[in-house]
Amino acid sequence: MEKVAPHAHLTVVSRFESIELVLAVVDDLLKQAELNGETRHWVGLAVREAIANAVKHGSREEEERIRVEATVEDGEVIVRVRDKGPGFDPDELSDPLAPENLLRPSGRGIFYMRKLMDDVEFRFDDDRGTEVVLRKQISSEEDFARTEEDTG
Amino acid sequence: MEKVAPHAHLTVVSRFESIELVLAVVDDLLKQAELNGETRHWVGLAVREAIANAVKHGSREEEERIRVEATVEDGEVIVRVRDKGPGFDPDELSDPLAPENLLRPSGRGIFYMRKLMDDVEFRFDDDRGTEVVLRKQISSEEDFARTEEDTG
Amino acid sequence: MNIRQREHGDVKILDLQGKITIGVGDVAVRDAVQTALAAGSKKILLNMEGVTTIDSAGVGELVSAYTTVTNRDGVLKLVNLPSKVTDILQITQLITVFEIYDDEDEAVESFS
Amino acid sequence: MNIRQREHGDVKILDLQGKITIGVGDVAVRDAVQTALAAGSKKILLNMEGVTTIDSAGVGELVSAYTTVTNRDGVLKLVNLPSKVTDILQITQLITVFEIYDDEDEAVESFS
Ligand SMILES: Nc1ncnc2c1ncn2[C@@H]1O[C@H](COP(=O)(O)OP(=O)(O)O)[C@@H](O)[C@H]1O
Ligand SMILES: Nc1ncnc2c1ncn2[C@@H]1O[C@H](COP(=O)(O)OP(=O)(O)O)[C@@H](O)[C@H]1O
């Protein structure tokens with residue numbers, strides 16, 4: 001019988017309130033893949049940042065939709081967040097660790113994503129909009145839940 | 001730019017606890033389509049019944065996965081729930097309104113689905129498992145939210 | 001599902017709050033009715049005012065509660081049905097099976 | 001996000017509970033700190049013990065609170081950081097910017 005990998009694909013309205021719903025779905029998915037609470041927390045945080053950016057920077061109109069796609073397959077978590085915005089130049093990002101930026105109230109989201117995940121890729125397309133692809137290998141022992149409780 | 005219809009597709013572990021997550025996702029989708037609270041409640045209830053059946057009757061092994069796909073497109077809500085079980089014969093269902101069944105504790109789920117939705121279809125496939133497809137036209141005025149509050 | 005128990009004379013009133021749905025609320029209702037019966041109550045009134053959702057498992061539980069109580073020479077009645085619950089009982093023609101009241105005092109009096 | 005306010009001598013202690021995340025918790029922290037400043041507090045201690053998640057918006061809010069309080073000749077310190085909060089501040093090298101304590105009494109004393 002056909003194998004079903006943990007998978008979720010959904011559209012949500014582009015507003016901060018949608019973050020918790022997406023996080024609940026992604027967390028359930030990571031539980032299906034038997035990842036432990038620690039790993040789920042950090043992946044979840046990276047996803048929060050990606051959605052927050054799509055909401056903040058990725059709308060051309062009010063209340064557009066954001067697409068989220070998440071899978072765990074072949075030992076890798078992949079989360080894609082796509083918005084309808086104009087995109088940006090990733091080479092122009094300022095370094096949040098530079099002394100002049102250290103006390104700025106913003107500009108840390110992508111930096112966190114990169115630290116929390118193995119790979120963060122941005123794709124821009126006039127028709128499809130902006131997509132961020134977050135990847136994390138979970139082959140290593142430390143990501144898996146050891147006990148039932150740990151997945152709870 | 002490419003149009004994004006409200007859409008959700010996810011796998012959940014086959015257990016009753018998954019129902020609330022699926023319902024939250026479906027309800028958000030129906031809000032995106034601006035359906036009112038009343039319509040969302042009844043569609044949600046039909047979805048509850050479909051998932052409950054997938055959990056109760058649709059597993060061959062412990063903790064298999066269920067797939068749910070929901071869309072609102074061209075004035076129609078479509079929700080598909082697919083499990084890995086052996087299926088059943090829809091022609092053999094007993095009538096919950098028959099006097100001898102009226103006080104039975106079970107056997108009303110599919111009857112409710114049919115009353116709450118416009119169309120309920122079952123598909124069986126050795127490889128893909130059992131799928132129930134729930135459809136409801138929402139072209140009529142009465143399904144739409146009149147106020148912001150109504151979608152809340 | 002949250003269930004509060006009260007007494008009004010010899011009538012046991014169970015205030016049901018939340019969802020009576022598969023896996024959670026349905027079991028809670030069963031347990032509460034069993035407990036009331038075990039404690040000797042013969043007159044049980046389910047106050048449905050706070051029920052937000054009921055599914056076929058919840059309906060099945062109400063039917064089971066009804067038959068169990070009746071089989072033990074007790075009487076089970078319902079009061080304060082939200083329209084969503086009434087509609088659901090109507091669809092499966094159970095609305096005439098249960099004795100249903102709109103007013104708690106009236107319901108309580110009807111037991112005597 | 002839930003914020004309780006307490007006082008210990010002239011130190012205002014804010015117990016932060018829940019998520020300091022974009023759109024909800026971040027604003028709550030800002031408001032609480034503004035209120036404390038408006039009420040004349042110059043010594044503010046954020047008790048982070050109950051914080052379950054903090055995102056970059058939350059971190060930004062902590063930084064803003066720090067600079068706002070400092071600019072008004074006040075002092076803002078942190079106590080009881082869960083490891084998830086410590087890790088996040090570490091990643092962006094903010095752990096050395098804030099004055100952080102493990103023990104509330106010690107933190108309170110440090111203000112005098
Ligand atoms: N989805 C997006 N669409 C357009 N611009 C974005 C997007 N995500 C990030 N950016 C740009 O990258 C910058 C840095 O993002 P980030 O590191 O998350 O910090 P912040 O959002 O706090 O500014 C943003 O200020 C914005 O200009
Ligand atoms: N997904 C499914 N897989 C296999 N059998 C099913 C499925 N859904 C329903 N059935 C069969 O149809 C019967 C009637 O279902 P339903 O009307 O929902 O009532 P109940 O689940 O309470 O028995 C079930 O008892 C079961 O035999």
Side-chain angles (χ1 to χ4, degrees), chain A residues 1-15 17-34 54 58-73 79-87 124-131 148 151-152, chain B residues 1-15 17-34 54 58-73 79-87 124-131 148 151-152:
Chain A
M1 196 175 264
E2 194 191 6
K3 195 179 137 257
V4 184
H7 177 101
H9 184 159
L10 70 161
T11 57
V12 292
V13 173
S14 178
R15 53 179 172 217
E17 289 85 337
S18 300
I19 293 177
E20 298 306 328
L21 180 65
V22 173
L23 261 282
V25 169
V26 169
D27 196 59
D28 188 81
L29 206 78
L30 301 180
K31 278 187 197 167
Q32 288 176 47
E34 293 175 11
S59 294
R60 291 188 220 236
E61 296 162 35
E62 281 279 295
E63 304 257 310
E64 277 193 274
R65 278 186 207 115
I66 295 169
R67 278 193 207 211
V68 183
E69 194 174 342
T71 53
V72 186
E73 209 159 2
V79 182
R80 295 162 203 273
V81 176
R82 203 194 294 170
D83 64 58
K84 288 293 189 181
F124 306 101
D125 182 300
D126 279 347
D127 201 46
R128 292 158 58 96
T130 302
E131 183 176 60
E148 259 292 298
T151 58
Chain B
M1 197 175 261
E2 194 191 5
K3 198 180 134 254
V4 185
H7 178 102
H9 184 159
L10 69 162
T11 56
V12 292
V13 173
S14 178
R15 54 179 171 215
E17 290 85 337
S18 301
I19 292 177
E20 297 306 327
L21 180 66
V22 172
L23 261 282
V25 169
V26 169
D27 196 59
D28 188 81
L29 205 77
L30 301 181
K31 278 188 196 166
Q32 288 175 48
E34 295 177 9
S59 294
R60 291 188 219 236
E61 296 163 36
E62 280 279 292
E63 303 256 309
E64 278 194 272
R65 278 187 207 114
I66 294 169
R67 280 195 206 207
V68 183
E69 193 174 343
T71 53
V72 185
E73 211 161 0
V79 182
R80 293 162 205 274
V81 176
R82 204 193 294 168
D83 64 58
K84 289 292 189 185
F124 307 100
D125 181 300
D126 278 348
D127 202 46
R128 292 157 59 95
T130 301
E131 183 175 60
E148 259 292 297
T151 58

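Given the structure is predicted, the values throughout are model-derived calculations rather than measurements.
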Report summary line: Nearest heavy-atom contact between Ala5(B) and Thr11(A) is O-CG2, 3.7 Å

Approximate separation, where rounding is to 0.5 Å, of [X] [atom1] and [Y] [atom2]:
X        : Y        : atom1 : atom2 : answer
Ser18(A) : Gln32(B) : OG    : CD    : 7.0 Å
Lys31(B) : Leu21(A) : NZ    : CG    : 9.0 Å
His9(B)  : His7(A)  : NE2   : NE2   : 5.0 Å
Asp28(B) : Leu10(A) : CG    : CG    : 7.5 Å

Query - Top contributor to chain B contacts, counting heavy-atom pairs under 4.5 Å, from Pro6(A), Ala70(A), Ala24(A) - result: Pro6(A)

